[in-house]
Structure formats: structure tokens, C-alpha cells
Amino acid sequence: GAEGSTLMSYFSKNQIQALKPKITFNTLRDLQCPVLQSNELQGKPDESCSTEELFEWLGAVLNQVSLDNKSSSFLSTYCCPQPNTIVEKAFLCTITGFIIPEKIIQLLEQLCCYFGEPKLAYWLTLTVHGFADSPVSWRESEHGFHKGGENLYNFVIFRNLDYWLQMAVGTNDDCPP
């Protein structure tokens, strides 16, 4: 309608353009991965890793931190939690840009279909990071982007379609309901 044409003329007058999300694919070879059991959130010694250990490991993998725990010019080291296994090939797809919730749900549904055929993977994960200065907040609290801006969630989906949902928010933010 008329509102749409007014909006479009505003964008064209101010030289604003739509950008498509940037998609990158990486194949990670011989990756140490934590052993997970869908029914063991706290993990079990010598059997499976906890949700916290996975979340920390996943952050290291997504940020391309070396997992070999070798000393060099460093402030700290990191290694994959125990127990772990070596995965010959892992695929990492990163989509950078503004993605609407409906597309995230669609992507999550497609990932669940991955287990419809026999696969070697026991689990997969989908992590969604919000922008640091996102206006999104929970309950009555202002989003604390001046202190770090953390707002992300992570789905870990298992072969049996059980899943974990992990969420992280900044220190000044309330947790979601």
C-alpha cells in the first residue's frame, strides 16, 4: 500500500540497501569432540561431558582456539574435556547477518532431518548469537550491552531427537522465562 511505497522511497533516498547474510563453510579435520549423552546434563566421569564443558568447548571451536594445550606465547591453554573422541570430519557453517526467527526455526527443522538417514554423528549443534547492541531484553531489565552484550542460545540435538537448550545472557540481563 501507500505505507510501503513511502518506506521504499525513504530507503532509496537515503541510499540504504538490503544485504544478504554471509555464509561460510569450513571442514574441520581430526577434531577432538566431547562425548555426550542426551540424558546426562551433568556428565559422568569417564562416560560423558557436561553441558557446561560442551558450551566452553564449543566456544573454543567457534573461535578457532587451538585445542592441543601446548605451550607457546599464551596467557592460558585449553584442551577438549574428557572423555572425548576424534572426529575425522566436522562441518562448520557460519551465517553472519540479520536472520529472522522463522529462518532459524526452519534451519533447526532441517538439522533435525539430518538424523532421518543413518549418519555417523551422535549429535549436532546450532548456535545463535544476537547482536551485542540488540534491543532485545527479558522481563523488565534493559539489555546490558554496555557490559559485554552477551545474548546467545545453543541447541544440541541428539540422534534420538532429544535436545539441550543452552542460553547465555549478560551479567546485567535477566534470564529468559
Side-chain angles (χ1 to χ4, degrees), residues 3-4 7-8 11 16-28 31 33-41 43 48-65 67 80-81 87 89-177:
E3 296 87 14
L7 186 60
M8 292 308 292
F11 286 133
I16 297 172
Q17 60 182 345
L19 299 176
K20 296 202 180 272
K22 178 184 168 191
I23 303 174
T24 58
F25 297 95
N26 292 316
T27 300
L28 308 174
L31 179 68
C33 291
V35 172
L36 305 176
Q37 298 293 329
S38 64
N39 59 346
E40 291 296 334
L41 296 172
S48 64
C49 296
S50 70
T51 58
E52 291 87 1
E53 289 171 317
L54 170 74
F55 201 61
E56 186 176 68
W57 171 85
L58 190 59
V61 170
L62 294 175
N63 286 292
Q64 301 174 358
V65 171
L67 302 176
C80 186
V87 173
K89 267 196 230 178
F91 297 102
L92 176 61
C93 173
T94 304
I95 304 172
T96 305
F98 182 78
I99 304 162
I100 60 174
E102 291 81 5
K103 291 292 182 188
I104 295 170
I105 292 168
Q106 185 180 23
L107 182 56
L108 187 61
E109 289 170 349
Q110 288 298 312
L111 288 172
C112 288
C113 292
Y114 174 82
F115 293 116
E117 299 175 25
K119 304 287 185 197
L120 296 177
Y122 291 99
W123 53 270
L124 55 84
T125 182
L126 171 68
T127 304
V128 179
H129 285 266
F131 294 105
D133 60 351
S134 170
V136 174
S137 66
W138 301 101
R139 298 191 182 114
E140 302 299 317
S141 294
E142 178 182 339
H143 177 57
F145 77 93
H146 293 293
K147 307 259 189 212
E150 299 85 358
N151 59 359
L152 65 102
Y153 56 93
N154 180 58
F155 281 98
V156 181
I157 305 157
F158 294 91
R159 191 184 281 180
N160 64 1
L161 297 184
D162 284 351
Y163 70 93
W164 295 346
L165 173 59
Q166 299 169 300
M167 303 172 105
V169 296
T171 54
N172 287 353
D173 295 333
D174 279 336
C175 287

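Quantities reported herein were computed from a predicted structural model and do not represent experimental measurements.
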Roughly how far, to the nearest 0.5 Å, is SG of Cys33 from OH of Tyr122?
12.5 Å

What one should report as the nearest heavy-atom pair of Ser38 and Trp164 is O-NE1, 3.0 Å

Chi angles and distances behind the side-chain contact (heavy atoms from CB on, under 4.5 Å) call for Asn39, Asp162
CA-CA 8 Å; Asn39 59 346; Asp162 284 351; 5.7 Å; no

Got more than 12 heavy atoms from elsewhere within 6.0 Å of OH, Tyr163?
no

Looking at CG of Leu41 and OG1 of Thr51, how far apart are the two atoms once the value is rounded to the nearest 0.5 Å?
6.0 Å

Cys49 side, atom SG; Glu40 side, atom CD - distance, nearest 0.5 Å
11.5 Å

CG of Leu92 to CZ of Phe25, rounded to nearest 0.5 Å, is 10.0 Å

Donor-acceptor contacts, no H, no angles, side chain residues 98-118, under 3.5 Å, sequence neighbours left out:
none

I need the Leu36 CG to Leu54 CG distance, nearest 0.5 Å.
5.0 Å

Any donor-acceptor pair under 3.5 Å linking the side chain of Ser48 with the backbone of Gly43?
no

Minimum side-chain heavy-atom gap Leu152-Phe55 below 4.5 Å:
yes

Distance in Å, Thr24 OG1 paired with Ile95 CD1, rounded so as to fall on 0.5 Å steps
9.0 Å

Heavy-atom pair with the smallest gap, counting every atom of Gln166 and Glu52:
NE2-N, 4.5 Å

